[in-house]
Amino acid sequence: MKYGISLPNGWTMSLVGIKDPVEAYETMTNVAKAADETGFEAVWMVDHFHTVPTPTQEVTFESWMSLAAIARDTKRVRIGQIVTCNSYRNPALLAKMASTLDVLSHGRLNFGIGAGWYEHEYKAYGYPYPDAPERLRMLREALQVIHAMWEQEEAHFEGKYYQVRGAINQPKGVQKPHPPILVGGGGEKVTLKLVAQYGDACNVGGDLATIKHKLGVLKQHCETVGRDYSSIYNTTGSFCSIADTDEEALALVPEKARGNLRDTSLVGSPETIRQRIAALEELGIHEIIIDFPSATDLTTLHRFAQEFIAK
């Protein structure tokens, strides 16, 4: 099993109380540096502009600019979006941004993309907000554009939503044939089919039964399109709180996170967490992307690394 970290970019009010934006950035990148130094596989950042559950004036760092800086702040850990919103940037431009970031990071980019969902952001920033089926159709075209930008010397694509006519994308990135594409979301009819057709990785959430079902659907889509299911890199997210006993670990969980705990949450004693990791691994999960309780107190991050990575 590999482990990633969800970086505290402010979206979930994770940087509240840090008034200086430079200090807020340093707080965020310190988490990335700690991940880099302690053996985590990757750091991931959401692509959102406003805080949740309510938009506020609190700091929320933009994903792509932040990851470019973090690429230079770190040496080993992979970097990625979990996930970038297709609607926020033209996919041809997005493909070039990703190629550039793969070079800046010396080949450490995980490219995560999804159809988008946060209606408030769309409207606040002046983006059209079509219904979910249309956003998914746009994502399907975008994935084809991105592949063309990464694979063709002069990219061409004629779609309903996007047109690319001889776009040159240099540099194309370091990784070959291209940076791995993670398609986020668990929609069974369309999203998981897009993973099978165009993706290299998925990100599915929920309890153990839900994840098992979603991966089963993905496997069926792979069989339908002639894709080797074992070539898909499966990820999921989880909140983590460690203590000597399950009760002590639960007491350390912030109130806002308690309502989202499930049988995949890494909350408990080291032995309890080992059992939960083993259950996810048995389902076919390759990487758990962890949300730690604090952006400023890295005690839990370091204990997790000592218990589950160093050993």
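Not measured: the values here are computed from a predicted model.
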Quiz item: Donor-acceptor pair, R274 side chain versus F308 backbone, under 3.5 Å?
Solution: no

Exercise. Verify, without hydrogens or angle tests, whether K96 (side chain) and Q170 (backbone) share a donor-acceptor contact under 3.5 angstrom.
Key: yes

All N/O donor-acceptor pairs, side-chain side in residues 191-204, below 3.5 Å, sequence neighbours left out:
unit_1 : atom_1 : unit_2 : atom_2 : d
Q197   : OE1    : R140   : NH1    : 2.8
D200   : OD2    : I181   : N      : 2.8
N203   : ND2    : T235   : OG1    : 2.8

Quiz prompt | Side-chain heavy-atom pair L261, L250 within 4.5 angstrom cut-off | solution = yes

Quiz prompt | Heavy-atom side-chain contact between T245 and T272 under 4.5 Å | solution = no

Quiz item: Can you find a heavy atom in the side chain of F49 that is under 4.5 Å from one in the side chain of E121?
Solution: yes

Practice problem: Flag yes if L109 and Y233 sit in one hydrophobic cluster, no otherwise; membership is Ile, Leu, Val, Met, Phe, Trp, Tyr, and two members link when side-chain heavy atoms are under 4.5 Å apart. | Solution: no

Practice problem: Please determine if K75 and E37 form a salt bridge, counting it only when a charged side-chain N lies under 4.0 Å from a carboxylate O. | Solution: no

Exercise. Tell me, with the steps shown, if H106 and V174 meet side chain to side chain contact (heavy atoms under 4.5 Å, CB included).
Key: CA-CA 7 Å; H106 297 187; V174 173; 5.8 Å; no

Exercise. Run the numbers on L280 and M1 for side chain to side chain contact (heavy atoms under 4.5 Å, CB included), then give the verdict.
Key: CA-CA 9 Å; L280 286 167; M1 180 68 75; 4.3 Å; yes

Quiz item: Got a sec: does the CD of Q57 have more than 12 other heavy atoms crowding it under 6.0 Å?
Solution: no

Quiz item: What is the minimum heavy-atom distance between A251 and R258, and which atoms define it?
Solution: O-NH2, 3.3 Å

Exercise. Apply side chain to side chain contact (heavy atoms under 4.5 Å, CB included) to H48 and W11, showing your working.
Key: CA-CA 7 Å; H48 287 295; W11 180 55; 3.2 Å; yes

Exercise. Determine, using the 4.5 Å side-chain heavy-atom cutoff (strictly less than), whether V43 and L104 are members of one ILVMFWY cluster.
Key: yes

Quiz prompt | Within-4.5 Å side-chain heavy-atom neighbours: E141 and K160 | solution = yes

Quiz item: Between the side chains of Y25 and D73, does any donor sit under 3.5 Å from an acceptor?
Solution: yes

Practice problem: Please step through side chain to side chain contact (heavy atoms under 4.5 Å, CB included) for the pair T236 and I289, ending with a clear verdict. | Solution: CA-CA 6 Å; T236 192; I289 301 171; over 6 Å; no

Practice problem: Please name the pair of heavy atoms, one in S105 and one in I79, separated by the smallest distance, quoted to 0.1 Å. | Solution: CB-CD1, 3.9 Å

Self-check item: Interatomic spacing from OG1 in T27 to CG in L298 - rounded to 0.5 Å
Solution: 9.0 Å

Self-check item: Neighbour count >12 (heavy atoms, 6.0 Å) for atom NZ, K189
Solution: no

Practice problem: Give a yes-or-no answer on whether the side chains of Y161 and N86 include a donor-acceptor pair shorter than 3.5 Å. | Solution: no

Quiz item: Is a donor on one side and an acceptor on the other found under 3.5 Å between the side chain of T264 and the backbone of G206?
Solution: yes

Self-check item: Member of I5, N110, L7 meeting the side-chain contact (heavy atoms from CB on, under 4.5 Å) criterion with W44
Solution: N110

Quiz prompt | Distance, nearest 0.5 Å, that separates OG of S238 from CD1 of I290 | solution = 7.0 Å

Quiz item: Does the H286 side chain pair with the main chain of N234, one donor and one acceptor, at a distance under 3.5 Å?
Solution: yes

Quiz item: Roughly how far apart are S231 OG and Y229 OH, rounded to 0.5 Å?
Solution: 10.0 Å

Quiz prompt | Shared hydrophobic cluster for F304 and V77 (ILVMFWY, side-chain gaps under 4.5 Å) | solution = yes

Quiz item: Honestly curious: do M45 and V31 fall in one hydrophobic cluster under the side-chain, below-4.5 Å linking rule?
Solution: yes

Self-check item: Partners meeting salt bridge (Lys or Arg N to Asp or Glu O under 4.0 Å) with K123 (sequence neighbours left out)
Solution: E119

Quiz prompt | R89: partners by salt bridge (Lys or Arg N to Asp or Glu O under 4.0 Å), with sequence neighbours left out | solution = D47, E62

Quiz item: Judged by atom type as modelled, is there a donor-acceptor pair below 3.5 Å linking the side chain of D263 to the main-chain atoms of L208?
Solution: yes

Quiz item: Under the criterion ring pair (Phe, Tyr, Trp, His ring centres under 6.0 Å), which of Y118, Y127, Y125 is the partner of Y88?
Solution: Y127

Quiz item: How close do S241 and V253 get, heavy atom to heavy atom, and via which atoms?
Solution: CB-CG2, 3.8 Å

Practice problem: Check P128 against P130 and note the closest heavy-atom contact, atom names and distance. | Solution: O-CD, 3.3 Å

Self-check item: K33 atom NZ, neighbour heavy-atom count above 12 within 6.0 Å
Solution: yes

Quiz item: Got a donor-acceptor contact below 3.5 angstrom from the N90 side chain to the L93 backbone?
Solution: yes

Exercise. First locate atom OG of S99, then atom CZ of F111, and finally report the distance between them rounded to the nearest 0.5 Å.
Key: 9.0 Å

Practice problem: Using the test side-chain hydrogen bond (donor to acceptor under 3.5 Å, both in side chains), find all partners of R262 that sit at least two apart in sequence or belong to another chain. | Solution: none

Quiz item: Is P177 close to E151 at the side-chain level, that is, under 4.5 Å between some pair of heavy atoms?
Solution: no

Quiz item: Between the side chain of D291 and the main-chain N/O of S6, is any donor-acceptor distance below 3.5 Å?
Solution: no

Exercise. Give a yes or no on whether L15 and M13 share a hydrophobic cluster (residues Ile, Leu, Val, Met, Phe, Trp, Tyr; joining criterion: side-chain heavy atoms under 4.5 Å apart).
Key: no

Self-check item: Minimum heavy-atom distance between P91 and I146, given as atom pair plus value
Solution: O-CG1, 3.7 Å

Quiz prompt | Close side-chain approach of V16 and T56, heavy atoms under 4.5 Å | solution = no

Quiz prompt | Pairwise side-chain contact, L252 with I242, heavy-atom cut-off 4.5 Å (strictly under) | solution = no

Self-check item: salt bridge (Lys or Arg N to Asp or Glu O under 4.0 Å) against K214, all qualifying residues, sequence neighbours excluded
Solution: E188

Quiz prompt | Sidechain N-carboxylate O distance under 4.0 Å for R303, D244 | solution = yes

Self-check item: Qualifying residues under side-chain contact (heavy atoms from CB on, under 4.5 Å), relative to P293, sequence neighbours excluded
Solution: F239, P254, T300

Quiz item: Are R165 and E154 ion-paired here, with the side-chain N under 4.0 Å from a carboxylate O?
Solution: no

Self-check item: Any donor-acceptor pair under 3.5 Å from T84 side chain to Q81 backbone
Solution: no

Quiz prompt | Verdict with supporting geometry, T74 and R108, side-chain hydrogen bond (donor to acceptor under 3.5 Å, both in side chains) | solution = CA-CA 10 Å; T74 55; R108 291 185 283 137; 2.9 Å; yes

Exercise. For S294 and T296, indicate whether the former's side chain and the latter's backbone hold a donor-acceptor pair under 3.5 Å.
Key: yes

Practice problem: Hey, could you give me the CD/CD distance between E26 and E23, rounded to the nearest 0.5 Å? | Solution: 9.0 Å

Self-check item: Rounded distance (nearest 0.5 Å) linking atom CD of E41 with atom NZ of K2
Solution: 4.0 Å

Self-check item: Any M28 side-chain heavy atom under 4.5 Å of I70 side chain
Solution: yes

Practice problem: Evaluate whether atom CD of E282 has more than 12 neighbouring non-hydrogen atoms of other residues, nucleotides or ligands under 6.0 angstrom away. | Solution: no

Quiz item: Under the 3.5 angstrom rule, does the side chain of Y129 hit a backbone N or O of W117 as a donor-acceptor pair?
Solution: yes

